[in-house]
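Have a look at the structure below, then the notes.
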Amino acid sequence: MKELKSISPLYLEKYDVSIKPYLTYAQIQNIVNSIVTTNTWAEKQQNIDMLLLYYVTDIGREQLEKYTHDELLQSGLIDNVKKCVLNYNVIEEAISYTTSVQKSLTTIVKELSNKLETINKKGKNNGGKK
């Protein structure tokens, strides 16, 4: 196998922005964690968009905070950045997995199991009295 090299950042001349073409799994997980508590689709999308720009562009937090989400969206920057991120679709896959019924049931079963163990240990420590 040949030596592996990272793909060079892409440059969007119109915006004077460099873009890394891949999000890491840790970055995707951070995006998912930030949106699972949101109540509306708009909040979810804004969080995804802003974190995407933060993680894959060289804009920087201070510069991003100078603009509203609407300004960044209506300028076309967000859509152009999305097109450059080759694993952007993985964000939705991660959200679907995290919010799925199967994942929720697995989490509930695990929590119940832990609680039952704690209750059983307390019962044994109290001489079997409940």
Side-chain angles (χ1 to χ4, degrees):
M1 175 167 30
K2 292 184 176 184
E3 181 181 346
L4 297 178
K5 297 178 185 176
S6 294
I7 297 174
S8 298
L10 305 169
Y11 181 70
L12 294 179
E13 187 174 345
K14 179 178 180 179
Y15 304 99
D16 189 29
V17 172
S18 291
I19 302 164
K20 295 179 223 164
Y22 283 97
L23 286 159
T24 67
Y25 288 155
Q27 291 168 336
I28 293 169
Q29 187 63 57
N30 285 336
I31 292 170
V32 171
N33 293 347
S34 79
I35 61 95
V36 292
T37 58
T38 58
N39 294 319
T40 67
W41 175 87
E43 288 176 314
K44 173 186 157 189
Q45 287 306 124
Q46 287 176 354
N47 280 350
I48 291 170
D49 292 347
M50 296 306 286
L51 285 170
L52 178 73
L53 294 177
Y54 177 72
Y55 286 136
V56 302
T57 69
D58 61 354
I59 297 173
R61 184 178 178 164
E62 287 180 16
Q63 188 70 15
L64 280 174
E65 290 176 348
K66 290 181 181 179
Y67 300 96
T68 66
H69 177 268
D70 287 344
E71 291 171 323
L72 295 166
L73 181 65
Q74 292 173 2
S75 72
L77 175 64
I78 292 172
D79 285 336
N80 280 293
V81 169
K82 286 179 184 179
K83 290 175 189 174
C84 295
V85 179
L86 300 174
N87 64 341
Y88 180 79
N89 64 312
V90 178
I91 296 170
E92 281 302 323
E93 292 174 19
I95 292 167
S96 293
Y97 169 77
T98 301
T99 59
S100 72
V101 172
Q102 181 180 0
K103 172 76 165 98
S104 296
L105 289 174
T106 302
T107 302
I108 290 167
V109 168
K110 184 176 179 182
E111 287 298 315
L112 284 174
S113 177
N114 290 340
K115 297 285 185 199
L116 287 173
E117 281 182 32
T118 303
I119 291 169
N120 285 336
K121 286 179 184 177
K122 286 182 180 179
K124 290 178 183 176
N125 291 339
N126 291 329
K129 296 178 184 174
K130 295 184 180 178

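Atom CG of Leu73 sits about 6.0 Å away from atom CG of Asp79, to the nearest 0.5 Å. To the nearest 0.5 Å, atoms OG1 (Thr40) and CD (Gln45) are separated by 10.0 Å. Note that the CG atom of Asn87 and the CD1 atom of Ile28 stand 4.5 Å from one another [nearest 0.5 Å]. Note that CG of Leu53 is 12.0 Å distant from CD of Gln63, once rounded to the nearest 0.5 Å.
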Exercise. Hey, mind stepping through Leu51 and Asn30 against side chain to side chain contact (heavy atoms under 4.5 Å, CB included) and telling me if it holds?
Worked result: CA-CA 9 Å; Leu51 285 170; Asn30 285 336; 5.7 Å; no

Exercise. Are Leu77 and Ile59 close enough, and set up right, to give a side chain to side chain contact (heavy atoms under 4.5 Å, CB included), and what steps lead you there?
Worked result: CA-CA 11 Å; Leu77 175 64; Ile59 297 173; 3.9 Å; yes

Exercise. Can Val90 and Leu23 be said to form a side chain to side chain contact (heavy atoms under 4.5 Å, CB included), step by step?
Worked result: CA-CA 9 Å; Val90 178; Leu23 286 159; over 6 Å; no

Problem set entry | Criterion side chain to side chain contact (heavy atoms under 4.5 Å, CB included) on Ile48 and Tyr88, from CA distance to verdict | CA-CA 10 Å; Ile48 291 170; Tyr88 180 79; 3.7 Å; yes

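Of the candidates Asn80, Thr57, Asp58, Ile19 forms a side chain to side chain contact (heavy atoms under 4.5 Å, CB included) with just one, namely Thr57.
Asn47 and Glu43 share no side-chain donor-acceptor pair at under 3.5 Å.
Counting only heavy atoms from C-beta outward, the side chains of Glu92 and Asn89 never approach each other to under 4.5 Å. A 4.5 Å side-chain heavy-atom check between Ile95 and Lys44 finds at least one atom pair inside the cut-off.
Scanning both residues, Lys20 and Val85, for their nearest heavy atoms gives O-CG2, 4.2 Å.
For OH of Tyr67, the number of neighbouring non-hydrogen atoms (other residues, nucleotides, ligands) closer than 6.0 Å is 12 at most.
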